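In what follows, a structure is listed as structure tokens, so that the remarks can point back to it.
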Amino acid sequence: MGACAIAALSTAATAETLTIATVNNGDMIRMQGYTDNFTEKTGHTVEWVTLEENVLRQRVTTDISTKGGAFDIMTIGMYETPIWGANGWLVPLDGLSEEYDVGDILPAMSGGLSHDGTLYAAPFYGESSMIMYRTDLMEAAGMEMPDAPTWDFIGEAARAMTDRDNEINGICLRGKAGWGEGGAFITAMSNSFGARWFDMDWNAQFDTQPWADTLNFYVNLMNDAGPPGYATNGFNENLSLFQQGKCGMWIDATVAASFVTNPDDSTVADKVGFALAPDTGLGKRSNWLWAWALAIPAGTQKEDAAKEFIEWATSKEYIELVAENEGWANVPPGARASLYENPNYQEVPFAQKTLDSILSADPNDSTVEPSPYVGIQFAAIPEFAGIATEVSQEFSAVYAGQQTVEEALAKAQALTNDAMEAAGYR
């Protein structure tokens with residue numbers, strides 16, 4: 001939205017200081033560097049609370065569920081937004097200005113951030129997941145990455161690219177505990193192996209062959225071709241490894257593409273290719289759908305100023321501000337249709353693959369067998385975050401060599417069924 005429009009919004013209000021909780025991802029750090037632009041336009045100032053992903057989720061969930069009032073704006077995602085909106089915990093984002101153009105938000109993003117047709121959070125960026133790989137190492141291995149590879153191909157290529165003597169791991173994948181960290185990755189991966197969290201009667205499915213196949217494939221692959229200590233690696237840890245040239249492949253958020261191809265940060269910026277997340281031939285790829293979005297907790301005394309900030313940070317004009325200063329490759333991706341219609345952005349090498357990945361992810365049809373939940377890397381029920389965090393801890397213990405795949409799946413089956421029974425699903 002233009003400067004005049006924002007200024008007009010501010011004339012009736014006194015200047016406020018907004019406290020914003022956000023995640024320590026690169027695009028959010030970049031946004032903080034442009035906050036002066038917002039302050040110049042509106043007079044409002046901003047205090048940032050920047051947290052690691054698991055900590056952010058814990059802090060904002062505790063604050064909003066207890067009406068703590070610590071934040072005026074929270075960075076949340078597609079899991080929390082519809083649930084919290086239904087609970088009345090968030091301010092509806094209606095009445096946004098015409099210049100903001102809500103209709104430009106990609107339907108995949110606005111749909112996942114709404115409840116009963118009302119938008120409760122605005123996407124700062126949207127993402128799916130895809131393969132980022134070293135073109136030079138793939139060539140040296142005598143292999144060629146398909147546009148839409150299978151997990152078998154990924155396993156073969158990862159082992160071929162591994163060079164332990166030179167600290168090159170064929171593949172880097174999340175193993176870190178947390179429902180939105182390693183838990184998100186293994187769940188999305190499991191979809192492509194034919195697994196699901198629950199059957200149609202809400203019975204846990206960790207005692208099924210597809211889950212055993214998923215976890216065994218992952219553990220064998222990472223033990224053969226992954227980095228040491230992968231059990232504690234999440235998005236940021238793997239990003240750092242890839243940028244240092246220590247990963248042949250990395251399957252993770254599409255938003256990472258701008259960071260691995262930025263020569264200021266990445267030692268392999270000119271040697272990166274992209275492909276769709278892998279499958280096993282069962283009709284589901286292992287990509288997810290997510291948005292890091294800005295929402296206003298109900299009860300804030302600064303609702304008008306908070307809406308102004310959200311309009312500024314998720315606007316077309318903010319995208320142009322970043323593009324002007326840092327180039328089109330570095331703008332927040334995946335949120336607005338107009339970005340993908342922009343000829344400047346169409347020249348960015350990962351733009352189309354990102355859009356293809358987002359459009360191919362269907363939260364209403366994410367599993368091979370029918371499932372009773374909406375969501376790809378999560379099940380959109382209030383109990384999921386707690387259950388999946390515990391399950392991910394059991395899986396990470398396998399990755400660290402502390403228990404077997406069979407032991408972890410048995411524990412996951414029991415704790416999930418116990419929790420669902422206690423919650424009245426079974």
Side-chain angles (χ1 to χ4, degrees), residues 26-27 125-163 166-174 185 188-189 192 221-222 224-227 230 233 235-281 285-288 327-331 333-334 339-340 344-361:
D27 282 293
Y125 67 76
E127 64 181 38
S128 183
S129 53
M130 65 181 177
I131 304 166
M132 293 157 279
Y133 67 96
R134 288 274 300 278
T135 54
D136 57 331
L137 296 181
M138 188 68 74
E139 184 178 353
M143 302 179 73
E144 185 175 342
M145 176 71 81
D147 283 338
T150 64
W151 274 109
D152 283 341
F153 175 87
I154 295 301
E156 182 183 354
R159 291 174 174 93
M161 286 192 283
T162 298
D163 182 354
N166 289 302
E167 294 186 41
I168 294 175
N169 309 287
I171 194 161
C172 295
L173 301 173
R174 298 187 192 191
F185 180 85
M189 180 178 176
S192 70
L221 174 63
M222 294 301 285
D224 289 349
Y230 69 88
N233 287 350
F235 174 84
N236 282 324
E237 291 82 4
N238 286 324
L239 170 61
S240 178
L241 286 169
F242 195 97
Q243 288 178 326
Q244 294 171 47
K246 295 183 178 181
C247 303
M249 289 179 287
W250 180 28
I251 305 171
D252 212 298
T254 51
V255 72
S258 68
F259 302 118
V260 298
T261 57
N262 186 338
D264 293 338
D265 302 313
S266 176
T267 62
V268 296
D270 60 343
K271 303 179 181 69
V272 184
F274 305 95
L276 294 177
D279 67 3
T280 65
R285 307 208 78 80
S286 48
N287 58 314
W288 62 62
W328 281 101
N330 294 310
V331 304
L339 178 62
Y340 293 90
N344 294 307
Y345 197 67
Q346 288 172 355
E347 294 178 9
V348 172
F350 50 81
Q352 189 59 48
K353 197 68 71 178
T354 294
L355 184 61
D356 290 345
S357 297
I358 288 171
L359 296 179
S360 71

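Computed from a prediction, not measured in an experiment: that's the story for all the values here. Positions are given from 1 along the sequence.
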Identify, with sequence neighbours excluded, every residue that meets salt bridge (charged side-chain N to carboxylate O under 4.0 Å, His left out) alongside [X].
{"X": "Asp264", "value": "none"}
{"X": "Asp265", "value": "none"}
{"X": "Glu139", "value": "none"}
{"X": "Lys246", "value": "Glu167"}

Ignoring hydrogens, what is the shortest heavy-atom contact between [X] and [Y]? Give both atom names and the distance.
{"X": "Arg174", "Y": "Asn238", "value": "N-ND2, 3.4 Å"}
{"X": "Met145", "Y": "Ala275", "value": "CG-CB, 3.7 Å"}
{"X": "Thr162", "Y": "Asp224", "value": "CG2-O, 4.1 Å"}
{"X": "Thr267", "Y": "Gln243", "value": "OG1-O, 2.7 Å"}
{"X": "Gly334", "Y": "Tyr340", "value": "N-OH, 3.0 Å"}
{"X": "Leu339", "Y": "Tyr345", "value": "O-CB, 3.3 Å"}

Please tell me if the side chains of [X] and [Y] come closer than 4.5 Å, counting only heavy atoms from C-beta onward.
{"X": "Cys172", "Y": "Asn233", "value": "no"}
{"X": "Leu221", "Y": "Trp151", "value": "yes"}
{"X": "Gln244", "Y": "Ser266", "value": "no"}
{"X": "Phe153", "Y": "Met143", "value": "yes"}
{"X": "Val260", "Y": "Leu239", "value": "yes"}

Item to check | Residue Glu144 excluded, over 12 heavy atoms near CD under 6.0 Å | outcome: no
Checklist entry - Between Trp250 and Phe242, how do the two ring planes meet: parallel, tilted or perpendicular, split at 30° and 60°? => result tilted
Test your reading of the model: is there a side-chain donor-acceptor pair from [X] to the backbone of [Y], 3.5 Å cut-off?
{"X": "Arg285", "Y": "Pro149", "result": "yes"}
{"X": "Arg134", "Y": "Gly245", "result": "yes"}
{"X": "Ser192", "Y": "Met189", "result": "yes"}
{"X": "Ser286", "Y": "Ala277", "result": "no"}
{"X": "Ser258", "Y": "Asn330", "result": "no"}

Distance check, rounded to the nearest 0.5 Å: [X] atom [atom1] versus [Y] atom [atom2]?
{"X": "Glu127", "Y": "Asp27", "atom1": "CD", "atom2": "CG", "value": "9.5 Å"}
{"X": "Phe259", "Y": "Asn236", "atom1": "CZ", "atom2": "CG", "value": "9.0 Å"}
{"X": "Tyr133", "Y": "Ile154", "atom1": "OH", "atom2": "CD1", "value": "9.5 Å"}

Checklist entry - Please, which pairs that meet side chain to side chain donor-acceptor pair (under 3.5 Å) have at least one residue in residues 349-361, sequence neighbours excluded? => result Asn287-Ser360, Gln352-Asp356
Next on the checklist: Test of understanding: with ring pair (Phe, Tyr, Trp, His ring centres under 6.0 Å), list the residues that count as partners of Trp288, not counting sequence neighbours.
Outcome noted: none
Checklist entry - Which is it for Ile131 and Leu276 under the side-chain contact (heavy atoms from CB on, under 4.5 Å) test, yes or no, and what are the steps along the way? => result CA-CA 6 Å; Ile131 304 166; Leu276 294 177; over 6 Å; no
Next on the checklist: For Val331 and Val348: C-alpha separation, side-chain torsions, deciding distance, then whether side-chain contact (heavy atoms from CB on, under 4.5 Å) applies.
Outcome noted: CA-CA 11 Å; Val331 304; Val348 172; over 6 Å; no
Checklist entry - Can Thr254 and Met132 be said to form a side-chain contact (heavy atoms from CB on, under 4.5 Å), step by step? => result CA-CA 9 Å; Thr254 51; Met132 293 157 279; over 6 Å; no
